Amino acid sequence: MQRYNPSEIEPKWQAAWQEQRVNEVDVDASKKKTYTAGMFPYPSGAGMHAGHAFGYTIVDVLARFYRQQGHNVLNPMGWDTFGLPAENYAIKTGTAPAVVTAQNIANFKKQFKRMGMSIDWSREINTSDPEYYRWTQWVFTKLFERGLAYQKESLQWWCPVDKTVLANEQVEGGHCWRCGSLVEKKSMKQWFFKITEYADSLLEEIPALDWPQKIKTAQTNWIGRSVGAEIEFLLEGSDQSITVFSTRPDTIFGATFVVLAPEHPLVKTLGVGDFKESLQEYVANAVKKSEIERTNDTKEKTGVFTGSYAINPATGENVPIWVADYVLGGYGTGAIMAVPAHDERDLAFAEKYRLPVVQVVVPETGTRQENPEFRQSIVAIVRNPHTNTYLSVNWGEKGGSLFIGGGMDDGETAIDTARREIAEETGYTSLKFISQSEAIHHHYFAHSKNVARHIQATPLLFELIDETQNDTALEADEKDQFTIEWLSEDEVLAKINDELHATSYQTLIGGYRHRGEGILVNSGAFDGTSTSDAREQVVDWLEQQGSGRAKTTYKMRDWLISRQRYWGAPIPIIHCADHGAVPVPEDQLPVVLPEIEDFAPKGDGKSALARATDWVNTTCPECGKPAMRETDTMDGYACSSWYLLRYTDPHNAEAAWDPATVNYWNPLEFYVGGDHAVAHLLYVRFWTHVFKDMGLVDFKEPVKKLVYHGYINAEDGTKMSKSKGNVVDPLDVINQGYGADALRTYVLFMGPIELDAAWSSKGIAGIYRFLNRIWTLSQEYLATSDRSFIGNDKAVTIARHKLVRKVTDDIHRLSFNTAISGMMEYVNDLYKLKVDGFSYDVWHDALTTLVQVIAPFAPHMADELWQQLGHEGFVQQALWPSWDDSLIVEDMMTIAIQVQGKLRGQLAISKDTDAEAVKAAALAHENVEKFIGDKKPAKVIYVPGRLVNVVL
RNA sequence: GCGCGGAUGGUGGAAUUGGUAGACACGAGAGACUUAAAAUCUCUUGACUUCACGGUCGUGCGGGUUCAAGUCCCGCUCUGCGCACCA
């Protein structure tokens, strides 16, 4: 009998696939297409690690599965080759990045092939190949023509070690994403893509994407759309004004001061008298402080008064103007109106600098009712200062524990009402009034009076002076309805559950500040309006006076693409003294990177390209006069923003792609990755949206389903890293003798793909054992000469159909670990069933089916056994097996029997037994009878085919 | 702080629609084969309890809904990740 030897069969089949070009595809309108891809790798010198193997195995299983479904499957691969590691290596060694890159690609490609990836290598692309970046540059010129690429002087993140500008997403916690050094801000002239123009378009499509929620949320937050208003605050004694941005224009009556960011242009002209010096000092300091320091000390807010005042356009009152670094220069207008009563940050600032706080929103509790009756009322809280307890009345079933409440009579003040109600209900009269707060709006239905109520309840706090309790005015039967209790703080929090009463307590004693929606107070004509309604009304009103307008802002900034590095796609721009920035005409593309000797940037903010004078000096495409090339290169993300389109038409020398071809293949059915939540995935979407607007593609969204997988950690549970020496190299695993099939199957068996998992050398051994069992089973079958029928054919057939159903289902929901466990169960079953012998044909079918369903996971063994079982061609060329639900039905079913929801027995009974008979059989079960005893079953529930539950 | 996940045996995990919790695998234990070991095959394996049949408990904690809850609702704890003064 032949031994299972992956090192022998795997290279054999890999060669056969390549030779017969089984993975190469073309447009075929007659077939259903599936386009799968993993995020293409940066081919580093270290080669692949287990994480690569994981992600690309997911892609390959999907590609192979859909080929077996008869689909025309595009599964390409390419290389994301521009970037810092190759350039840094070049700086160190003098080897041109292109040379190192070619070596790394060769190594990666070898690994992909050895893992049995079914890639169409005829479509291989490489972003640093001039034939590729020629079209990246072409896209740049198109964006430039549409005003979506522009140049601007701005403060930018600068990595002092890598000596390059970084985009916001490349700064992680104040450090460079590549080298980890602390970044700085530097003012430079930079190129940007205007992604902000597509903010709404990108946002709109997010809900419909079949992407993991966490990525969709991350993108939504990143775009950070805020609907609000810009409001003008006139400077006192001047016709200048400060424009603030607020999402809460409804709270404008509570705006008691204005705060400017230190970078705000008006700051230079402000500063009155004595304040001028401290202001200048503060601003100088804030600007010097790096942004990291500013955002790091989140707790303590600092600021200075300018000495000037602005006029609140709603109240007409003067409010002081402050400068503080908790207001960011780059967001909104760089200025805010502070509403300390309803904003945590403003409150912290106001409390520190003793600025006024004016409440303009009161909470609204309960649920709004139809046609409510309106009443003024009170909630009175009485504190006993000696025992530190609070007076409460317990209404038992009728209303739980409450403070004292009641409606105000005509002409009565809130304090009068409270004193009267306290005396009436509890008999306490010796009280000292402490404080009251703004009335809370509360909605409820008074069942006792059968009326809907909307009350405006003023919370009041009293202290008990002496504990003498007078007679209450209540009748005896009224008295019995409740009991008086004194509650400690903890008890109050636990027992006072009524929303109005709990809020009253929080407001008076807990220092509660209302921040959400509510009802306006102290807001002139808007009193009584809900904050949500007022949001629009206030903006309309301000707009009529010319002091405000609705405005939407975004957190997202434009995409900075300039890199002062050599190893990137040159920005195809020529700077002419007369014509400014002129795009390189299409027929002069690509602008090829010149070969140079010294790749190191010299810290002058320019790339090594600037020293390639022959290359830099050129002529203006407009006028032919001497001009200079742009020396910045493009962010690598630009190259990866359109490669999914280029894969479909990779050798097109006339255009970036042929629209018909792209529209056949795209968008992708599956895009697999485990990195880049926002940056790459947002940029691909942005470019595709633009291409749609340009009429270059028929779709807006490039990726139908994003498959986002977790990390594979080292055996000790920590991240794999070269320095710790715990990296698992897929090639090592294969060469140890486990083979690619075991590796592929194992990484998918580790757990659900979205979860992180730790590599286990024991685990892969287990999978190897499983593959070996399949192999052995097949060899035993092939070696059997006795072909007589003995017994378990029906059981084998049922198992086979169940297997196909389960694996098909599980692959569809990307649950590969359970698909594999289903195959294990099947193999275990076959081992048991073979004891009784088998008939030849049934076993041939049983093994053929197994080979077909395991083929996406273990394609080499599958093709080997496929051939041994006497089939033609490759497994992938045969159609996926089908199953017949009616064949899976067994004669007997197992019914669980519960008494009072607890399992008491099991019942094996014929499948076609009717419900009444099943129930009767269940009740007759010995152990069940014991638990029923003399009691009468009140109800017997039968869930067909599953269980019977007897309720007593 | 805000947002999004997660918590199930010794371990990774399964339970897809509320319906027999712990599939499958790892590890552990026992047996068969072997002079022996490895490999392979078979069996056992949540805890407690019982000679056994069986019973009690059990999906982070506390409540609730239901004939029935890992699954639904309310309130917590811990934990991972993302964002983080965005007005």
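Note that this is a predicted model, so its numbers are computed, not measured. So you know, we letter chains A, B, ... as the sequences are listed, proteins then strands, and number each from 1. The analysis underlying the following values was restricted to heavy atoms, covering all of them including side chains, and did not include hydrogens, waters or symmetry mates.
Proximity of A:Ser226 to the phosphate of B:A87: a side-chain N or O atom is located under 4.0 Å from OP1 or OP2. Within the 4.0 Å cut-off from OP1 or OP2 of B:U56, at least one side-chain nitrogen or oxygen of A:Arg904 is found. In terms of phosphate contacts, A:Lys555 brings no side-chain nitrogen or oxygen within less than 4.0 Å of OP1 or OP2 of B:A84. Taking only side-chain nitrogens and oxygens, A:Arg773 comes nearer than 4.0 Å to OP1 or OP2 of B:C41. Note on A:Arg769: every side-chain N or O is 4.0 Å or more away from OP1 and OP2 of B:C41. The side chain of A:Asn817 contributes no N or O atom lying less than 4.0 Å from OP1 or OP2 of B:C24.
The nearest whole Å value for the distance from the OH atom in A:Tyr708 to the C1' atom in B:C4 is 13 Å. Rounded to whole Å, atom C1' of B:A21 lies 13 Å from atom CZ of A:Arg946. In this structure, A:Lys216 atom NZ and B:C81 atom P are separated by 24 Å, rounded to whole Å. In this structure, CD of A:Gln219 is placed 13 Å from C1' of B:G82, rounded to the nearest angstrom. Separating the CH2 atom of A:Trp222 from the C1' atom of B:G3 is a distance of 15 Å, rounded to the nearest angstrom. In this structure, A:Ile941 atom CD1 and B:G18 atom P are separated by 16 Å, rounded to whole Å. Rounded to whole Å, atom P of B:A38 lies 17 Å from atom CG of A:Asn772. Between A:Leu777 atom CG and B:C41 atom C1' the separation is 13 Å, expressed in whole Å.
In this structure, the nucleotide among B:G3, B:A87, B:C57 sitting nearest to the side chain of A:Asp343 is B:A87. Nearest to the side chain of A:Thr247, among B:A87, B:U16, B:C67, sits B:A87. Each of B:A87, B:U16, B:A25 was ranked by its minimum atom distance to the side chain of A:Phe749; first place goes to B:A25. Closest to the side chain of A:Ala896, out of B:U16, B:C24, B:U20, is B:U20. The side chain of A:Leu903 approaches B:U20 more closely than any other nucleotide in the set B:C85, B:A25, B:U20. Set against B:U20, B:A25, B:A14, the side chain of A:Thr894 has B:U20 as its closest nucleotide. Considering only side-chain atoms of A:Asn949, the nucleotide from B:G19, B:C57, B:G13 that sits closest is B:G19. The side chain of A:Asn828 approaches B:C24 more closely than any other nucleotide in the set B:A87, B:G13, B:C24. Of the candidates B:G13, B:U20, B:G82, the closest approach to any side-chain atom of A:Gln906 belongs to B:U20. Proximity note for A:Ile336 (side chain, C-beta onward) versus B:A87, B:A14, B:G19: the nearest is B:A87.
The base-pairing partner of B:G18, taking Watson-Crick or G-U wobble contacts with both distances under 3.5 Å, does not exist among the strands shown. Pairing for B:C72 is with B:G64, a Watson-Crick or G-U wobble pair whose two hydrogen-bonding atom distances lie under 3.5 Å. When Watson-Crick and G-U wobble pairs are counted only if both distances are under 3.5 Å, B:U59 pairs with no nucleotide at all. In this structure B:A32 sits in a base pair with B:U40, meeting the Watson-Crick or G-U test at under 3.5 Å. Across all strands shown, B:G80 pairs with B:C4; the Watson-Crick or G-U wobble distances both stay below 3.5 Å. Nucleotide B:A25 forms a pair with B:U11, judged by Watson-Crick or G-U wobble geometry with both contacts under 3.5 Å.
Map A:Thr333 and A:Gly905 each onto its nearest nucleotide of RNA chain B; the residue landing nearer the 5' end is A:Gly905. Remark on RNA chain B: of its neighbouring residues A:Ser821 and A:Ser760, the 5'-side contact belongs to A:Ser821, judged by nearest-heavy-atom nucleotide.
Counting non-hydrogen atoms under 4.0 angstrom, A:Tyr831 reaches the backbone sugars and phosphates but no base. Nucleic acid contact for A:Lys832: sugar-phosphate only, since backbone atoms but no base atoms lie under 4.0 Å from a heavy atom of the residue. No contact: A:Ser815 has no heavy atom under 4.0 Å from any strand. At a threshold of 4.0 angstrom between heavy atoms, the contacts of A:Ile895 with the nucleic acid are absent. Among the atoms of the strands shown, only primed sugar atoms or phosphate atoms (P, OP1, OP2) are found under 4.0 Å from some heavy atom of A:Gly766. Using a 4.0 Å heavy-atom cutoff across all strands shown, A:Glu754 reaches no nucleic acid atom at all. Looking at heavy-atom distances under 4.0 Å, A:Glu825 makes contact with sugar-phosphate atoms alone, never a base.
In this structure, CZ on A:Phe245 lies 8.5 Å from OG1 on A:Thr333, to the nearest 0.5 angstrom. Interatomic distance, A:Met823 CE to A:Leu771 CG, rounded to the nearest 0.5 Å: 9.0 Å.
Rounded to a whole angstrom, the distance from the C1' atom of B:G9 to that of B:G58 is 10 Å. B:A7 and B:G54 have their C1' atoms separated by 33 Å, with the value rounded to a whole Å. Taking atom C1' on both nucleotides, B:G60 is separated from B:C78 by 7 Å, rounded to a whole Å. Across B:A21 and B:U16, the matching C1' atoms stand 16 Å from one another, rounded to whole Å. Nucleotides B:U50 and B:G13, compared at atom P, are 35 Å apart to the nearest Å. Using atom C1' as the reference point in both B:C33 and B:C43, the two lie 15 Å apart (nearest Å). Using atom P as the reference point in both B:G70 and B:U77, the two lie 23 Å apart (nearest Å). The same atom, C1', is picked in B:U42 and in B:G46; the two are 23 Å apart, to the nearest Å.
Checked options A:Thr220, A:Thr553, A:Asp200; the residue passing with A:Arg225 is A:Asp200 (criterion: side chain to side chain donor-acceptor pair (under 3.5 Å)). If you run ring pair (Phe, Tyr, Trp, His ring centres under 6.0 Å) between A:Tyr768 and each of A:Trp775, A:Phe749, A:Tyr746, A:Tyr4, only A:Tyr4 comes through.
Donor-acceptor pairing under 3.5 Å, judged by distance alone, is present between the side chain of A:Lys301 and the base of B:C85.
Side-chain atoms of A:Leu814 and A:Glu754, non-hydrogen and from C-beta on, never get closer than 4.5 Å to each other. The shortest side-chain heavy-atom distance between A:Thr251 and A:Thr531 does not fall under the 4.5 Å cut-off.
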*Full working for side-chain contact (heavy atoms from CB on, under 4.5 Å) between A:Phe857 and A:Asp741*: CA-CA 7 Å; A:Phe857 302 89; A:Asp741 284 342; over 6 Å; no
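Taking the charged nitrogens against the carboxylate oxygens, A:Lys301 and A:Glu351 have no contact shorter than 4.0 Å, which rules out a salt bridge. Salt-bridge formation is detected for the pair A:Arg549/A:Glu232: a Lys NZ or Arg NE/NH1/NH2 atom is positioned less than 4.0 Å from an Asp or Glu carboxylate oxygen.
In textbook terms, a nucleotide whose glycosidic angle is within 90° of 0 is syn, while B:G6, being further out, is anti.
In this pair, A:Phe349 and A:Tyr326 present their aromatic rings tilted. The plane angle is within the 30 to 60° band.
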